Every structure is written in C-alpha cells, then in structure tokens.
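Worksheet for the structure shown next.
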Amino acid sequence: MKFNTSWQYDPSPESIDHIVIDKEYGHFINGKFTKPVKGKYFATVNPARETVLSHVADGTAEDVDKAVKAARTAYDKTWSKMPASERGKYIYRIARMIQERARELSIIESLDGGKPIRESRDIDVPLAAAHFFYYAGWADKLDYAFPGRKAKPLGVAGQIIPWNFPLLMAAWKIAPALAAGNTVVLKPAETTPLTALKLAEIIRDCDLPPGVVNIVTGAGTAGASLVNHPGIDKVAFTGSTDVGKIIQKALAGTNKKYTLELGGKAANIIFEDAAIDQAVEGIINGIFFNQGHVCCAGSRLFVQEGVANNVIRKLKDRMETLIVGDPLDKNTDIGAINSKDQLNKIKALVKIGVNEGGQMYQPNCAIPSKGYWFRPTLFTDVAQSSKIVQEEIFGPVLAIQTFRTVEEVIEKANNTPYGLSGGVWTDKGSKVFKVSSKIKAGVVWANTYNKFDPTSPFGGFKESGMGREGGLHGLYPYVKLA
Ligand code: NDP
C-alpha cells in the first residue's frame with residue numbers, strides 16, 4: 001500500500017439545519033417530559049466547538065424515586081399483563097422509528113459526543129435499531145429461548161450507561177429488558193444525554209404505555225440513587241471498573257440481580273503469517289475507532305518480531321493519512337475527544353508514557369484550534385509493567401510490543417486485570433483457534449476487529465465485568481426461570 005500520494009478532500013459537512021434541539025429538557029417520567037423536583041439543570045456541550053447545545057435536568061434521588069414508582073405501576077398494571085406478542089409490536093415500532101429518524105439521531109450523536117458522523121450514521125444508529133428489531137423478535141418466543149422452563153420478568157430494571165456509545169448503549173439495555181417484560185429507568189451519561197432524550201421522544205410517539213421506559217438525566221449521584229433504590233429488581237451498568245466496583249459493593253446482600261459491563265485493555269495480536277495490509281487496517285480500526293473511546297479497543301498491539309518493523313512503518317504511513325477534525329464532516333476519521341476531563345486524562349497518561357521511556361509517535365495532521373482534540377498516537381519501547389500498557393486510556397493511544405512465540409504472546413496478552421476482548425491476525429485457522437481459546441476475554445475477533453451484531457453476546461471476565469449483553473445470553477439477566 002502506498003499512502004504518500006496525497007489526496008485532497010473537499011469539505012463534506014453534514015447539514016444540521018433540520019435538527020431540533022430544545023433549549024431545555026426535563027426528565028422523561030411516566031410518558032411525559034417533566035421538570036426536575038429541585039429545578040436544577042446542567043449544560044451539555046458540543047466537544048468539537050465548546051458550545052452549549054442544551055440544558056438537561058440534573059436528577060436527584062427525588063426524581064429517581066418518581067421514575068421508579070412510575071416504572072413499578074406500569075409493570076404491575078400494564079406491561080407484565082400485556083400479551084407478549086403485543087409487547088413485541090411496540091418494540092418493533094421503536095426500531096422502525098429509530099430508522100425513520102436515523103439521520104437526525106446520527107447528527108445529534110456526533111454533535112453531543114464528538115464522534116465522526118460516518119461512525120454514528122453507519123454504526124451506532126443502525127446497530128441501535130437492529131437491537132430493537134432483534135429483541136422484538138424474542139418477545140413472544142421466550143418459551144423457545146429457554147426450552148422446558150417458564151421465563152418470568154424480574155420487574156423494574158435500573159440501567160446506567162456511559163458516554164462513548166450513548167444511543168447504542170441505551171438500545172443494548174432497553175430492548176432486552178422490554179422484550180422480557182420488564183419496565184425500565186435509564187440514566188444516560190452526563191456529557192451525552194441528548195440521543196437518549198430523543199429516544200424518549202420516539203418512545204412517547206410510539207404510544208408505549210406511560211412509565212414503561214423512564215429516563216432520568218444527571219450526574220453519578222443520580223446513578224447511585226438508582227442503584228440504591230429499594231424499588232428496583234435489577235441493575236444493568238456499563239461504565240468504568242472503578243464505578244462498577246462501587247455498585248457491586250452497594251448491591252452485595254440485596255436481592256437485586258446485576259450485570260456489569262466494565263473497562264478493557266485488549267490485546268490485538270499480529271502473527272508473521274498474517275495478511276499485513278489488512279492487519280494494519282484492523283489495527284487502525286481497533287484503536288482509533290470512536291477516538292479510542294471504546295471499551296473493547298485494541299489498545300495493546302503485539303507484533304511478531306519478524307514483521308514488526310514492516311508493520312510499524314506501514315502503521316505510521318497510514319496514520320499520516322488520518323483526518324482529525326469536524327465530527328460532522330463525512331471525510332473525518334477521528335473526531336473530538338468527548339470532554340475536557342477525558343482529554344486531560346489522556347494527556348496525563350501519555351505524559352507518564354513518555355516519562356517511563358516510551359517512544360511516542362504522532363502524525364503531523366492539523367487539528368482545529370477550538371474544541372477537545374488529541375492526535376492519533378502510538379508508543380514503542382514500552383514494557384509489560386508500563387502504566388500505559390496496564391491502564392485503560394480510553395483515547396487514541398496505542399502501545400506496541402513484540403513477541404517471538406505463540407506461548408509468549410498468550411502469556412503477555414493475559415497479563416492484564418481486564419478480560420473483555422482481543423484480536424488475532426494470522427493465515428492459519430488452527431492458530432486462530434489455539435490462540436483465541438487461550439485468551440481470557442469475552443470476545444476475540446480473528447482477522448477483523450470491532451465487529452458487533454445484536455445476535456452475538458458481548459461481555460467480560462475479571463475486572464471487565466460479569467454477565468452478557470446481546471444475543472440470547474442478553475435476555476437471561478432480565479428473566480427468572482421457573
Ligand atoms: P463511569 O463509570 O464514570 O460512568 C458510567 C455511568 O455511571 C455514567 O452514567 C455515570 O454518570 C454513572 N455513575 C458515575 N458514578 C456512579 C455511581 N457512584 N453510581 C452509579 N452510577 C454512577 O464511566 P464512563 O462514563 O467514564 O465510561 C467509560 C468507561 O465505560 C470505560 O471504562 C469503558 O471501558 C466502559 N465501557 C464498558 C463497556 C462494556 O460493554 N464493557 C462499553 C462502553 C464503556 P456521569 O456520566 O454523570 O459520571
């Protein structure tokens with residue numbers, strides 16, 4: 001591959017003139033947008049421009065209580081009594097309406113979160129619709145999902161999601177809960193609440209019975225109130241390992257079921273016999289997709305010694321071509337970092353990487369003067385013990401190590417507290433099976449990376465969490481089996 005023939009791309013910005021974002025959003029409780037009990041709001045900011053997009057309700061324990069009560073009433077009086085085939089129809093309707101409003105949702109996702117429009121348009125939003133379609137199909141087939149057993153819903157699910165895939169994470173949570181007959185209170189992340197609120201509009205417009213889905217915006221304290229509320233039966237959390245541990249402690253000794261989808265530090269392994277050009281694309285996708293704000297990002301690269309120089313040279317050449325900038329431009333490869341706090345965290349960890357002796361490389365790409373940006377970055381000369389090899393950076397930063405044998409790379413890949421995902425690149429099917437079965441991670445991709453499908457379970461081992469989302473496995477945490 002030759003990357004030195006410089007293509008010049010004309011700007012190709014997505015038009016936003018048809019987008020409606022209200023100045024202020026309340027919580028979505030019992031089928032209506034309602035003002036927060038304490039009357040407080042906070043700003044949600046466009047990270048590419050540092051401008052305020054809207055103000056959203058700052059949820060408190062009182063708001064959470066109202067939402068949980070609405071969810072309980074809806075569960076007792078409506079949703080748990082409704083024939084499953086009718087429940088399925090509502091979920092299909094949500095899926096179709098997401099498709100109808102796909103362009104609007106993609107633009108708002110990119111405005112609020114900073115991710116390139118190409119990704120929100122082609123990945124986040126279609127996958128969110130696909131999750132609703134998939135679980136709509138299961139609603140009246142639970143007897144087939146769990147043969148010989150009777151699946152009953154749990155009741156009210158409290159769900160908390162992070163900022164990296166806001167609409168998609170809402171879909172991962174809400175769709176299986178509803179299909180199994182539960183009602184929901186969802187708390188989106190503080191920096192990216194807007195697509196969840198647009199989803200609330202869709203849910204309202206679908207005539208879903210009031211209270212079946214409630215959305216309370218706010219900070220971590222609102223999430224904690226939800227976890228600790230005695231009226232919920234299940235907690236579904238996606239976020240950092242630190243907060244996951246707090247939640248697990250809070251739930252110990254209660255009867256609440258829980259699933260925790262936490263952080264990761266995946267090994268992406270390139271063997272000498274791999275198709276190197278494809279592997280280079282896979283490395284780029286593995287670490288720079290969504291600015292590296294991806295729990296399953298291939299942030300630790302292991303390259304077999306014989307091809308290491310070649311792979312690193314090709315990787316650097318390819319990095320020179322990446323376009324960093326306006327998330328709404330269809331040519332953009334890497335958008336804005338989601339928040340100032342996250343940018344500071346990335347900068348601090350990169351500084352530690354340099355101080356620990358790592359060799360840093362960044363391309364010369366231009367970055368806008370306003371907004372939160374970080375150039376795609378790679379490190380060589382790092383050790384297993386380096387902080388940037390051990391800790392999740394959650395940004396566009398790749399740490400590269402080499403290896404000689406299969407046994408060595410398996411040992412190194414597993415030398416992490418996490419166990420969410422991994423990648424293997426080789427020409428040999430037998431090596432794929434050998435290595436992927438020995439990597440302790442919930443998902444291992446072979447000769448590809450970051451492929452998601454609603455039918456396929458996703459989740460971690462060790463400090464990456466417990467329980468699975470997606471597929472049939474994703475229904476199980478929302479039912480009790482008789
Ligand atoms: P956080 O854990 O900081 O936040 C996740 C959510 O929990 C947010 O809504 C947050 O609110 C809320 N929260 C914060 N404190 C508490 C608390 N004490 N009790 C209850 N809820 C709380 O994670 P980030 O948002 O920073 O997300 C990034 C992390 O998520 C990464 O570690 C990433 O790996 C992980 N992740 C895991 C995935 C998986 O499937 N395994 C998928 C995607 C991300 P607020 O926004 O106000 O802080």
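This structure is a prediction, so every number in the text was calculated from the model and none was measured. Order of listing sets the numbers, starting from 1, for every ligand and every atom in it.
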Numbering as shown, the atoms of ligand 1 that approach I161 to under 4.0 Å (heavy-atom distance): 6 (C), 8 (C), 9 (O)
Proximal atoms of ligand 1 relative to P162 (non-hydrogen, under 4.0 Å): 25 (O), 27 (O), 43 (C), 44 (C)
Contact partition for A222 relative to ligand 1, non-hydrogen atoms under 4.0 Å: neither
Least distance between heavy atoms, D326 atom then R49 atom: OD2-NH2, 3.9 Å
Atom 26 (O) of ligand 1 - nearest protein heavy atom and its distance: W163 NE1, 3.1 Å
Side-chain donor/acceptor of H293 to backbone N/O of F394, under 3.5 Å: yes
Salt-bridge present (R121, E14; N to O < 4.0 Å): no
Nearest protein heavy atom with distance in Å, relative to atom 35 (C) of ligand 1: G239 O, 3.1 Å
For F458, atoms of ligand 1 separated by under 4.0 Å from a heavy atom: 40 (O)
Part of F165 within contact of ligand 1 (heavy atoms, under 4.0 Å): neither
Residue and atom name of the nearest protein heavy atom (relative to atom 12 (C) of ligand 1), distance in Å to one decimal: I160 CG2, 3.7 Å
Selected option - heavy-atom contact closest to atom 38 (C) of ligand 1, from C296, C295, G220: C295
Element-labelled atoms of ligand 1 that are located less than 4.0 Å from some non-hydrogen atom of T238: 5 (C), 36 (N), 37 (C), 38 (C), 39 (C), 40 (O), 42 (C), 43 (C), 44 (C)
Heavy-atom proximity to atom 46 (O) of ligand 1, best of K345, E463, E190: E190
Q342 backbone acceptor or donor facing S339 side chain under 3.5 Å: yes
Residue, atom name and distance, where the atom is the protein heavy atom closest to atom 41 (N) of ligand 1: L262 O, 2.7 Å
Contact bool for atom 4 (O) of ligand 1 (protein heavy atom, d < 4.0 Å): no
Short side-chain to backbone donor-acceptor contact, K256 and V227, under 3.5 Å: yes
Per-atom contacts of ligand 1 with E261, taking only distances under 4.0 Å to non-hydrogen atoms: 37 (C), 38 (C), 39 (C), 40 (O), 41 (N)
N164 neighbourhood, listing ligand 1 atoms whose heavy-atom distance to it stays under 4.0 Å: 43 (C), 44 (C)
Centroid separation F146 to W138 less than 6.0 Å: no
Those atoms of ligand 1 less than 4.0 Å from some heavy atom in V243: 2 (O), 15 (N), 16 (C), 17 (C), 22 (C)
Partner set under side chain to side chain donor-acceptor pair (under 3.5 Å) for T238, not counting sequence neighbours: K173
Option set S240, S421, G459, criterion heavy-atom distance to atom 1 (P) of ligand 1, minimum: S240
Test: K115 and E109 ion pair at under 4.0 Å: no
Top protein contact for atom 28 (C) of ligand 1, by heavy-atom distance: F394 CE2, 3.5 Å
For G223, atoms of ligand 1 separated by under 4.0 Å from a heavy atom: 19 (N), 20 (C), 21 (N)
Ring centre gap for W172 and F458 strictly below 6.0 Å: yes
Under 3.5 Å: donor-acceptor pair, side chain of S464, backbone of L262: no
For atom 32 (O) of ligand 1, closest protein heavy-atom neighbour: E392 OE1, 2.7 Å
Protein heavy-atom partner closest to atom 10 (C) of ligand 1 - residue, atom, separation in Å: K187 NZ, 4.0 Å
Under 3.5 Å donor-acceptor, N182 side chain and P153 backbone: no
Any donor-acceptor N/O pair, R300 side chain to K265 backbone, under 3.5 Å: yes
Cation-aromatic face contact K23/Y41, 6.0 Å, 45 degrees: no
